[in-house]
Amino acid sequence: MPELPEVETIRRTLRPKLAGLKFTGVRIYLPKVIAAPAPEHFTAIITGKKIIDLQRRGKYLLFGLTGGYTLIVHLRMTGSMVYREKTGPSSKYTHVVFYLDNGSRLFFADLRQFGRLWLLPVGSPDGPPGLKNLGPEPLDKSFTREIFEKKLHCRRTRIKPLLLDQSFIAGLGNIYADEALHRAGISPEHPANTLTHRETTRLYRAIRDVLQEGIKNRGTSVRDYIDGEGRAGRYQEMLRVYNREGQSCLKCGNQIARRKIGNRSSYYCPACQK
DNA sequence: ATGACGTCCTGCCTGC
DNA sequence: TGCAGGCAGGACGTCA
């Protein structure tokens with residue numbers, strides 16, 4: 001599942017390859033993945049546009065194009081964006097192929113077909129609602145411990161579902177939320193507004209640490225995730241709770257548990273997460 | 001504000 | 001061995 005570290009890794013692998021290239025065309029095999037505009041307009045608009053830069057916001061990839069347009073991509077769970085110079089093996093999960101003016105191609109593939117693309121003028125109201133309502137970037141300098149604490153204190157909900165709420169904080173998904181809570185020693189069911197000053201500090205650091213470690217290790221490839229060059233990440237080898245139900249906690253030795261919290265499965269250590 | 005639930009979709013796992 | 005059914009999951013809309 002591409003979360004912040006995976007999307008950031010894709011951005012870093014794609015940006016040097018794509019910057020300055022021009023789209024010469026696009027082939028859409030599964031029209032429904034184009035959220036906006038209508039596929040025929042999408043094709044017409046993107047052809048001839050040059051890629052100026054590639055940014056990330058939360059789990060969104062933002063391709064800055066000439067003419068004031070942005071190509072917005074959300075990979076959801078199994079989406080990928082891979083750059084290839086030569087024609088590679090294209091799978092049945094490839095839904096969009098972008099042709100570039102150096103002869104290379106950019107492939108959007110997605111097994112579960114949940115990922116979506118938008119091609120819109122900057123500031124258009126037709127973008128994904130989630131992007132407009134996105135919370136702060138956890139790795140940004142402006143996201144301070146004080147701001148985090150303030151935001152936590154006015155929410156009574158359990159901490160795990162809150163960390164997954166993209167309008168509260170951007171970029172965390174199930175894997176990194178569980179890892180951060182374990183690292184901070186906080187139960188996923190702990191109410192947000194009753195976290196102590198020390199717990200808040202630990203959680204703030206844990207969130208930033210796990211995200212940075214994820215990026216350093218080029219992302220987590222539990223199943224499908226690959227970067228912009230088609231390569232898997234390494235962080236799955238370093239996970240301490242996610243996907244480790246029944247195995248022993250690397251901190252205290254007790255068994256890692258798994259249960260549904262807010263309709264999402266959570267992995268945690270009942271002994272050392274309070 | 002909060003939570004529950006359905007929707008999208010396919011591969012994989014379990015149970016018979 | 002084969003098949004049916006359930007499960008997982010990110011965002012988002014709807015409803016209570």
Side-chain angles (χ1 to χ4, degrees), chain A residues 1-8 10 28-36 56-62 72-81 91-96 108-118 120 125-138 150-181 188-195 207 211 214 219-226 232 236 239 241-246 256-268:
Chain A
M1 292 157 280
E3 303 178 25
L4 189 154
E6 289 73 38
V7 179
E8 178 61 22
I10 293 170
I28 301 165
Y29 295 92
L30 187 67
K32 72 167 181 191
V33 302
I34 309 295
R56 179 192 57 75
R57 182 79 173 90
K59 303 176 194 172
Y60 292 91
L61 271 175
L62 308 170
I72 305 166
V73 178
H74 197 300
L75 301 169
R76 291 285 171 89
M77 273 121 58
T78 53
S80 64
M81 284 290 262
S91 77
K92 61 173 175 172
Y93 307 121
T94 298
H95 306 314
V96 183
F108 169 74
D110 189 358
L111 184 151
R112 289 193 189 161
Q113 308 178 12
F114 286 175
R116 290 292 181 268
L117 291 76
W118 296 256
L120 300 165
D126 301 329
L131 182 57
K132 291 188 280 282
N133 302 325
L134 213 51
E137 283 292 325
K150 213 173 192 177
K151 282 169 68 72
L152 284 173
H153 281 350
C154 54
R155 298 297 293 265
R156 307 158 75 119
T157 187
R158 293 167 296 181
I159 188 65
K160 170 70 188 290
L162 190 58
L163 292 181
L164 294 179
D165 179 350
Q166 301 300 298
S167 68
F168 181 79
I169 183 170
L172 286 173
N174 217 23
I175 297 175
Y176 292 95
D178 278 357
E179 292 298 315
L181 286 168
E189 305 206 77
H190 201 302
N193 62 345
T194 62
L195 288 167
I207 288 169
L211 293 176
T220 304
S221 295
V222 171
R223 179 154 296 163
D224 303 279
Y225 165 71
I226 48 173
Q236 64 280 4
L239 298 177
V241 279
Y242 187 81
N243 233 355
R244 296 192 66 243
E245 182 185 14
I256 299 298
R258 173 189 184 173
R259 60 179 303 209
K260 286 248 183 189
I261 297 165
N263 239 351
R264 287 272 116 86
S265 67
S266 283
Y267 297 88
Y268 66 101

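Chain letters run A, B, ... following the sequence lines, proteins first and then strands; every chain starts at 1.
- Taking atom CD on A:Glu189 and atom C1' on B:dG3, their separation rounds to 14 Å, with Å as the unit.
- The distance from atom CZ of A:Arg155 to atom CZ of A:Arg158, rounded to the nearest 0.5 Å, is 13.0 Å.
- A:Glu6 CD to A:Lys59 NZ: the interatomic distance, rounded to the nearest 0.5 Å, is 9.5 Å.
- Contact annotation: the side chain of A:Tyr225 never approaches that of A:Glu3 to less than 4.5 Å [non-hydrogen atoms, C-beta and beyond].
- Taken from OG in A:Ser167 to CG in A:Leu162, the straight-line distance is 8.5 Å, to the nearest 0.5 Å.
- Put simply, A:Lys151 has no side-chain N or O that comes within less than 4.0 Å of OP1 or OP2 on B:dA1.
- In this structure, the CD1 atom of A:Ile261 is 16 Å from the C1' atom of B:dT2, given to the nearest Å.
- Contacts between residues 154-163 of chain A and DNA chain C, counted as heavy-atom distances below 4.0 Å, involve no residue at all.
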Given side chain to side chain donor-acceptor pair (under 3.5 Å), test A:Ser80 with A:Tyr93 step by step and report yes or no. CA-CA 10 Å; A:Ser80 64; A:Tyr93 307 121; over 6 Å; no

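- With sequence neighbours left out, A:Glu8 forms a salt bridge (Lys or Arg N to Asp or Glu O under 4.0 Å) with A:Arg11, A:Arg12, A:Arg56.
- With values rounded to the nearest 0.5 angstrom, A:Arg116 atom CZ is found 12.0 Å from A:Leu75 atom CG.
- A straight line from CG of A:Asn193 to P of B:dA1 spans 14 Å, rounded to a whole angstrom.
- For the atom pair CG (A:Leu239) and OH (A:Tyr176), the distance works out to 7.0 Å, reported to the nearest 0.5 Å.
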Base contacts versus sugar-phosphate-only contacts with protein, heavy atoms under 4.0 Å: please encode nucleotides 9-16 of chain C as B, S and - from 5' to 3'. BBSSS---

